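Read the structure below first, then the notes.
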Amino acid sequence: MLISLIKCINGNETRYKYLPLEYCCDKMRLNPMLNLTSECDENNYVFCDECEERWNPWADCDQKCGIRMDSKTFELPHIKMFRQVYDEDDFPVDESISIKYCPHCGEKINISVVGEVDITNLVKELENKYIAAREKYDNCDSIKQRKALYEEMKKADNEYEDVFRFGEFKYNIKDVKWHGNS
């Protein structure tokens, strides 16, 4: 399986968007327990590849091996398998495990950054679009027109939020600076 990422840079902030996924098998594509995520929660425990114990990736593996996860690779989006377990009070809790191989066919999951794009101007443009709609809304007396302007503000806000939300790359592919031979 191949996951190609585009690094989106806004000033000193970095986000990743993915290109259409290339699945290794149909079972992987249709598995509802698998999720491509950029989630990086400090309280999230994962399984150590070396000693297969649960541990916090922001600290050393305190079980057996003392290995620490590389922070650069942990920041990249990755595939997680979610499952529901029950705590001591029989309360359902979602637990996730980062996986590096397809659980169905065994093929390695390759994740690579294939390009980068500066989205600073896009972010400024969307901010200005929202501010302009907000100013019109604040200075409007017509209820009908205020409803239309509110919808315009909501649309601009959703577009802005989508830039920072993890998802598929939907912007101009010509603006991407490709890495390597791509």
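All values derive from a computational prediction rather than experimental measurement.
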Point to revise | Which residues share a salt bridge (charged side-chain N to carboxylate O under 4.0 Å, His left out) with Lys129, sequence neighbours left out | key: Glu159

**Study point:** Student check: side-chain heavy atoms of Lys17 and Cys8 closer than 4.5 Å
**Key:** yes

Point to revise | Heavy-atom donor-acceptor pair, Thr120 side chain to Gly11 backbone, under 3.5 Å | key: yes

Check your understanding: Where the side chain of Asn35 meets the backbone of Thr37, is there a donor-acceptor pair that is under 3.5 Å apart?
Key -> no

Revision key, fill the gap. Between the CZ atom in Arg134 and the CG atom in Asp157, the distance rounded to the nearest 0.5 Å is 10.5 Å

Check your understanding: Any side-chain heavy-atom pair from Leu36 and Ile3 closer than 4.5 angstrom?
Key -> yes

Check your understanding: Which residues pass the ring pair (Phe, Tyr, Trp, His ring centres under 6.0 Å) test with Phe164, sequence neighbours left out?
Key -> Tyr160

Review point. How many angstroms lie between atom OG of Ser142 and atom NZ of Lys147, to the nearest 0.5 angstrom?
Key: 10.0 Å

**Study point:** Closest non-hydrogen atom pair, Glu116 against Ile6
**Key:** CA-CG2, 4.3 Å

Review point. So, Arg146 side chain and Cys140 main chain: donor-acceptor pair closer than 3.5 Å or not?
Key: yes

Review point. Would a 4.5 Å heavy-atom cut-off, applied to side chains only, mark Thr14 and Lys7 as touching?
Key: yes

**Study point:** Side-chain donor or acceptor of Asp87 paired with backbone N/O of Asp90 under 3.5 Å
**Key:** yes

Check your understanding: Would you say the side chain of Val163 lies within less than 4.5 Å of the side chain of Leu126, judging by non-hydrogen atoms?
Key -> yes

Point to revise | Under the salt bridge (charged side-chain N to carboxylate O under 4.0 Å, His left out) test, residues paired with Lys154 that sit two or more places apart | key: Glu151

Review point. Side chains of Pro103 and Leu34: closer than 4.5 Å at any heavy-atom pair?
Key: yes

Check your understanding: How far apart are the closest heavy atoms of Pro77 and Ile111, and which atoms are they?
Key -> O-CD1, 3.4 Å

Practice item. Could you check Met1 against Met28 for side-chain contact (heavy atoms from CB on, under 4.5 Å), going step by step and ending with a plain yes or no? Key: CA-CA 9 Å; Met1 178 170 180; Met28 180 75 160; 3.4 Å; yes

Point to revise | Inter-residue atom distance Leu19.CG - Lys170.NZ, 0.5 Å rounding | key: 13.5 Å

Revision key, fill the gap. Value for OG (Ser4) from CG (Leu21), rounded to nearest 0.5 Å, stands at 8.5 Å

Review point. Is the ring centre of Tyr18 less than 6.0 Å from the ring centre of Tyr16?
Key: no

Exercise for review: Would you mind listing the cluster partners of Leu149? Hydrophobic ones only (ILVMFWY), side-chain contacts under 4.5 Å, chaining allowed.
Suggested key: Tyr130, Tyr137, Tyr150, Met153

**Study point:** Separation of Ile131 CD1 from Asp138 CG (nearest 0.5 Å)
**Key:** 11.5 Å

Review point. Taking C-beta and beyond as the side chain, do Val176 and Tyr171 meet within less than 4.5 Å on heavy atoms?
Key: no

Check your understanding: Near Lys124 NZ, under 6.0 Å, is it more than 12 heavy atoms from other residues, nucleotides or ligands?
Key -> no

Review point. Asp26: what forms a salt bridge (charged side-chain N to carboxylate O under 4.0 Å, His left out) with it, not counting sequence neighbours?
Key: Arg29

Review point. Do Ile99 and Lys80 have side-chain heavy atoms sitting under 4.5 Å apart?
Key: no

Check your understanding: By side-chain contact (heavy atoms from CB on, under 4.5 Å), which residues pair with Lys27, not counting sequence neighbours?
Key -> Cys25, His104

Review point. Can any side-chain N or O of Asp89 pair as donor or acceptor with the backbone N or O of Phe91 at less than 3.5 Å?
Key: no

Exercise for review: Provide the closest heavy-atom pair for Leu2 versus Ser112 in the form atom of the first, atom of the second, distance.
Suggested key: CD1-OG, 4.5 Å

Exercise for review: Apply side-chain contact (heavy atoms from CB on, under 4.5 Å) to the pair Trp178 and Val114, showing each step before the final yes or no.
Suggested key: CA-CA 6 Å; Trp178 300 101; Val114 295; 3.8 Å; yes

Review point. Would you say the side-chain atoms of Asp162 pair up with the backbone N or O of Asn158, donor to acceptor, closer than 3.5 Å?
Key: no

Check your understanding: Should we say atom CD1 of Ile143 is surrounded by more than 12 heavy atoms from elsewhere, each under 6.0 Å from it?
Key -> no

**Study point:** Hydrophobic cluster membership, Val117 vs Ile9, 4.5 Å side-chain cutoff
**Key:** no

